[in-house]
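Each residue takes its place number in the sequence, starting with 1. All figures in this text were calculated on a predicted structure; none of them were measured in a lab.
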Amino acid sequence: MTEDPQARRAGRRHARRAHRGITGITGITGISGSRGSGRRGRGRGRRTAARITLALGVLGFAAAAYGLAVQLLPRQFTVVQQRQIEAWQVGSRWQTIPAGQIFPASVPYQLPATVLEDTTPLNLDALRVSIAPQQSDCAQSVTSAAAGAVLDHEGCEAVLRATYVDSTRSYVMTVGVAVLPTATAAAAADTGLARPLLAAARDADGAARLTAGVQVVRFSGMAGKLYDYNRQISASFSYGPYVVMYAAGYSDSRPRVPVSQDSYAYGEMTSMARGVAQSVAATLGTRPAPPHCPGAPGC
């Protein structure tokens with residue numbers, strides 16, 4: 001049977017249309033798949049960017065919180081800063097503490113039991129007579145020009161002095177405080193005062209010398225003569241930036257005698273003088289509590 005030519009041409013056209021349709025569908029399908037993959041890639045990128053942004057935000061918040069905490073929490077001083085603050089506090093006390101607290105009206109001291117030839121020590125009190133005016137010329141408050149030169153060489157700023165007596169007014173003493181710029185300078189000055197060449201002049205009878213130290217305070221008025229005395233003992237020690245000096249004697253102005261030959265007089269005179277001097281030293285030179293910041297912003 002012979003095939004109709006028209007039908008054959010129609011079949012070929014149908015086949016070509018079908019082929020183009022399949023190709024078009026395939027192309028459309030490919031394009032559609034490519035677009036889906038792009039959307040998924042962009043979605044992952046946005047999620048990654050969001051995570052990075054969140055992380056940076058958290059870090060920024062943490063940094064801001066730390067900065068706020070640093071401002072509000074108490075400041076922490078280094079060891080060096082603490083020592084500097086403590087030294088400043090101690091070195092300024094002679095100007096900030098009232099004279100009546102540096103030199104209290106009554107100072108307890110103890111007479112050792114060995115002096116009394118007993119088993120129990122005796123508690124006594126030294127009574128303040130007066131406080132001398134502050135002396136900015138340190139050389140005027142010590143017993144010799146050489147002693148004054150030692151203090152001046154180490155940068156002495158002032159000398160504070162006060163006079164005390166025992167409860168029976170048998171003994172009298174002067175306590176003096178030389179103010180130095182540093183503890184090192186105070187220690188050097190105290191060493192210089194103890195040198196034999198700086199000792200006070202010999203008595204007319206050639207008695208042994210006393211070490212250089214504080215000049216006794218002279219008072220005028222009716223009671224002046226009672227407290228105008230000769231030094232029987234003299235000593236000093238450094239405590240922080242201060243040199244604490246003391247001298248004691250009989251209140252009846254008797255000439256300097258070998259007081260060590262009278263064990264009781266020497267014991268009580270020395271105990272009173274040391275007790276008062278140590279009290280003054282503790283008030284001025286005791287190390288303060290470690291400094292701390294109260295915590296306010298800008299402290």
- Member of Tyr164, Tyr246, Tyr229 meeting the side chain to side chain donor-acceptor pair (under 3.5 Å) criterion with Thr174: Tyr229
- Message: Distance check, rounded to the nearest 0.5 Å: Leu193 atom CG versus Leu151 atom CG?
- Response: 5.0 Å
- Message: Looking at Arg169, is its backbone amide N or carbonyl O close enough to the side chain of Ser251 to form a donor-acceptor pair, meaning the two atoms are under 3.5 Å apart?
- Response: yes
- Any Val175 side-chain heavy atom under 4.5 Å of Val214 side chain: no
- Counting distance only, does the side-chain N/O of Thr191 pair as donor-acceptor with the main-chain N or O of Ala187 below 3.5 Å? yes
- Taking the side chain as every heavy atom from C-beta outward, state whether Trp94 and Leu284 have any atom pair closer than 4.5 Å. yes
- Note on the structure: residues 139-185 vs disulfide bond (SG atoms under 2.5 Å apart), sequence neighbours excluded, gives Cys138-Cys156
- Task: Measure from the side-chain N and O atoms of Arg161 to the backbone N and O of Gln215, and report whether any donor-acceptor pair falls under 3.5 Å.
- Result: yes
- Return each pair, listed once, that meets side-chain hydrogen bond (donor to acceptor under 3.5 Å, both in side chains) where at least one residue sits in residues 119-135; pairs must be two or more places apart or across chains. Gln110-Asn123
- Task: For Thr143 and Gly213, indicate whether the former's side chain and the latter's backbone hold a donor-acceptor pair under 3.5 Å.
- Result: yes
- Value rounded to 0.5 Å, distance of OH in Tyr239 from CD in Gln278: 9.5 Å
- Value for CG (Asp190) from CE (Met245), rounded to nearest 0.5 Å, stands at 9.5 Å
- Taking atom OG1 of Thr270 and atom CE of Met272, what is their separation to the nearest 0.5 Å? 9.5 Å
- Message: Which residues pass the side chain to side chain donor-acceptor pair (under 3.5 Å) test with Ser234, not counting sequence neighbours?
- Response: Arg231
- Task: Please report the shortest heavy-atom distance between Thr283 and Ile97, naming the atom on each side.
- Result: O-CD1, 3.9 Å
